Amino acid sequence: MKKYECTICGWVYDPEKGDPDSGINPGTSFDDIPDDWVCPECGVGKDDFEEVEE
């Protein structure tokens, strides 16, 4: 699964870790995160994230 980085603050969503503090379980792909989810660091929405090239 691909990682996604917040273009505002640089926080990286890693699907292997998820975002348990926001109710996103490990193993959840970025596409499966609810549309109203926000970056845990700066509060922007999914539209402000870009796929990380590895």
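Note that these values count all heavy atoms, side chains included, but never hydrogens, waters or copies made by symmetry. Everything numeric in this text was worked out from a predicted model, so none of it was measured.
- Around CD of E16, the count of heavy atoms belonging to other residues, nucleotides or ligands within 6.0 Å does not exceed 12.
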*Go through T28 and N25 one step at a time and tell me if the side chain to side chain donor-acceptor pair (under 3.5 Å) criterion holds.*
CA-CA 6 Å; T28 303; N25 292 324; 5.5 Å; no
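- Remark: K17 NZ to K3 NZ distance equals 7.0 Å, nearest 0.5 Å.
- Checked against the 6.0 Å centroid threshold, F49 and Y13 do not count as a close aromatic pair.
- Residue I8 holds its CD1 atom at 13.5 Å from CD of E41, rounded to the nearest 0.5 Å.
- Interatomic distance, CD1 of I33 versus CD1 of I24, reported as 5.5 Å (0.5 Å rounding).
- Contact detail for C9 and C42: the closest heavy-atom pair is SG-SG, 3.7 Å.
- Counting heavy atoms from C-beta on, the side chains of W11 and E5 never come closer than 4.5 Å.
- Atom CG in D47 sits 9.5 Å away from atom OG1 in T7 (nearest 0.5 Å).
- Side-chain contact between C6 and V44 is present, with at least one heavy-atom pair separated by less than 4.5 Å.
- Between V38 and S22, every side-chain heavy-atom pair lies at or beyond the 4.5 Å cut-off.
- A cation-pi arrangement is absent between K2 and F30 under the rule of less than 6.0 angstrom and at most 45 degrees off the ring axis.
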*Go through the steps to decide whether V52 and Y4 satisfy the test side chain to side chain contact (heavy atoms under 4.5 Å, CB included), and finish with yes or no.*
CA-CA 5 Å; V52 174; Y4 285 79; 5.5 Å; no
